[in-house]
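To start, the structure under review is shown below, and the notes come after it.
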Amino acid sequence: MAERFEVVVVGAGPAGLAAALTLARAGVEVIVFERGEHPGSKNVMGGVLYRHPTETVVPGFYHQAPLERPVVEQRLWLLTEEAALTLGYKDMVFAREPFNAFTVLRARFDRWLADQAVAAGALLINETVVEDLLWENERVVGVRTGREGGDVRSDVVILAEGANSLLTQKAGLKPDGINTNQLAVAVKEIIALPREKIEDRFNLEEGQGCTIELLGEATKGMLGTAFIYTNKDSLSVGVGVLLASLVRRRLNPNDLLEHLKSHPMVRPLLAGGESKEYQGHLIPEGGYQAVPKLYGNGVLVVGDAAMLVNGIHREGSNLALTSGLLAARTILAAREKGDYSEANLAPYRQALEESFVLKDLKKYQRAPFFFDQNPQFFTLYPGLLSRAAREFLTVDNVPKREKQKRILREITTSRSRFQIARDLYNLWRVMG
């Protein structure tokens, strides 16, 4: 292994690989270190990949990448103990090229994306932990790995190390320690099912995919979401909850997953399936306010390490890919000047601000704190809406006007009209 490269990338997730691929195509000497056995082995993203941002990095990728199913339907379920209030959208336009999104298995897709970077000229080193940064005159000049003689010097280091970003902290770009209000614990299980059963149970035509996001009882009323995504011959089933909520409730995330799988609305979808894989991971959920300083002398931060996840829309891979691409373009511009100082890497932040990445995070910047301080949206309201639907849909010879009165009485007994109006107004301000 050479002792010097122009760029070192720490982490072979979508952000790091997008940066490495873009740089390698431009003739930059780049090395990628991945602590897992292979790219994707440490990732617990639910498994939705968006076409447009991915194609910006790899044009026409969907003709060759190992994808599972194009997503034609997205559903939202508000769960109570025995019921589900559902909302969904299905569009056959999403079933045709150029598509909108795909379900993927990250262990396969990340390997493929890494192969594209290697084919372009990047060097990938797996099963290697980057333990520290190398410094010289208050500037990052490389990394120290756990391998013998593992110091690698570089002009720039890209930190794509994930949410538990110790190197980003060592670079002085993020406060030390773990903020339990800005991180979620996510666990996921891959459950094998024959493809014909998947298509029958989810009302899909051959090859089509569906996603379900679940709130309320799916997380026992805690801030977070659960998901069920259809793959070719398996389901990705998982749940993610704010770490602070788990600590307060003293709950095990695996117990939450089992609770989800046993729910009467979920259980029939999984019946007869065989568990094939289980993973756990930290996911950034702090939003715009949690985004750290993204650049320094000789260093940039991308993806989860930069807290670039849109928790409201459950988007992460598209933000990661875009951040890696913009980081690479910033480095290429600095390379032309022969200067990788903080001043020449600062345009990376501006590029993110001008893209959808930080525009979307800024739009919802108050949402994480708002929902953490207003748990009624995950506890009280799903129950009220479910009971209202049950009352109104139950045919028992009670006049509909009387049913409406019963529903209104129950709602206003649980939450005053003023409180409901205030909740809706505040929700509109946060989400509008």
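This structure is a prediction, so every number in the text was calculated from the model and none was measured.
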Quick one, [X] and [Y] - any side-chain contact, counting heavy atoms below 4.5 Å?
X	Y	answer
D423	R415	yes
Q74	L76	no
S323	L352	yes
I312	K363	no
R51	F102	yes
L49	Y62	no
Q419	Q376	no
F371	L242	no

Distance in Å, [X] [atom1] paired with [Y] [atom2], rounded so as to fall on 0.5 Å steps:
X	Y	atom1	atom2	value
R69	D233	CZ	CG	8.0 Å
N310	K359	CG	NZ	15.0 Å
N231	I191	CG	CD1	11.0 Å
L345	L300	CG	CG	4.5 Å
T54	L325	OG1	CG	11.0 Å
T230	L235	OG1	CG	7.0 Å

Handout entry: Test side-chain contact (heavy atoms from CB on, under 4.5 Å) applied to L159 and S165, step by step
Key = CA-CA 8 Å; L159 298 177; S165 47; over 6 Å; no
Exercise for the section: List for me each residue that meets side chain to side chain contact (heavy atoms under 4.5 Å, CB included) alongside A290, sequence neighbours excluded, and say none if there are none. Expected result: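 Here the qualifying residues are Q182, M307.
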Problem - Sequence-distant partners of R329, salt bridge (Lys or Arg N to Asp or Glu O under 4.0 Å), two or more places apart - result: none
Non-hydrogen atoms of [X] and [Y] that approach each other most closely:
X	Y	value
P268	R201	O-NH1, 3.4 Å
L243	V185	CD1-CG2, 3.5 Å
G150	T145	O-OG1, 3.0 Å
F94	F99	O-CD2, 3.5 Å
S414	L380	CB-CD1, 3.9 Å
A306	L294	CB-CD2, 3.4 Å

Practice task
Could you label the plane-to-plane angle of the F377 and F370 rings as parallel, tilted or perpendicular, counting under 30° as parallel and over 60° as perpendicular?
Solution key: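 Rings of F377 and F370: tilted, 30 to 60°.
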Is it the case that more than 12 heavy atoms not belonging to [X] sit under 6.0 Å from its [atom1] atom?
X	atom1	result
Y278	OH	yes
R144	CZ	no
N397	CG	no
H313	NE2	yes
R314	CZ	yes
R409	CZ	yes

Handout entry: Chi angles and distances behind the side-chain contact (heavy atoms from CB on, under 4.5 Å) call for H281, K188
Key = CA-CA 9 Å; H281 204 58; K188 180 178 77 172; over 6 Å; no
Please list, one pair per line, the donor and acceptor atoms closer than 3.5 Å that link side chains of residues 112-124 to other protein atoms, with sequence neighbours excluded.
unit_1, atom_1, unit_2, atom_2, d
Q116, NE2, W112, O, 3.2

Salt bridge [X]-[Y], side-chain N to carboxylate O under 4.0 Å:
X	Y	value
R147	E127	no
R111	E34	no
E410	R406	no
E161	R35	no

Exercise for the section: Could you note down all residue pairs passing side-chain hydrogen bond (donor to acceptor under 3.5 Å, both in side chains) where residues 204-213 supplies at least one of them, sequence neighbours left out? Expected result: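 Passing the test, one end in residues 204-213: E213-Y229.
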Practice task
Dump the intermediate steps for side-chain contact (heavy atoms from CB on, under 4.5 Å) on L308 and T322, then the final yes or no.
Solution key: CA-CA 10 Å; L308 301 180; T322 302; over 6 Å; no
Ignoring hydrogens and geometry, is there a side-chain-to-backbone donor-acceptor pair from [X] to [Y] under 3.5 Å?
X	Y	answer
E199	G207	yes
E68	K232	yes
T412	L408	yes
R249	K220	yes

Practice task
Verify side-chain contact (heavy atoms from CB on, under 4.5 Å) between K197 and D200, making sure each step is shown before the conclusion.
Solution key: CA-CA 5 Å; K197 283 192 175 182; D200 180 59; 5.6 Å; no
Practice task
Kindly write out the residues that satisfy side-chain hydrogen bond (donor to acceptor under 3.5 Å, both in side chains) with E131, not counting sequence neighbours, or none if the list is empty.
Solution key: none
Practice task
Test salt bridge (Lys or Arg N to Asp or Glu O under 4.0 Å) on E391 and R387 and set out the steps.
Solution key: CA-CA 6 Å; E391 174 67 37; R387 290 192 294 276; over 6 Å; no
Exercise for the section: Could you tell me whether K362 sits above the aromatic face of Y364, with NZ or CZ closer than 6.0 angstrom to the six-membered ring centre and within 45 degrees of the axis? Expected result: no
What donor-acceptor contacts under 3.5 angstrom involve side-chain atoms of residues 78-87, with partners at least two apart or in another chain?
unit_1, atom_1, unit_2, atom_2, d
T80, OG1, A83, N, 3.3

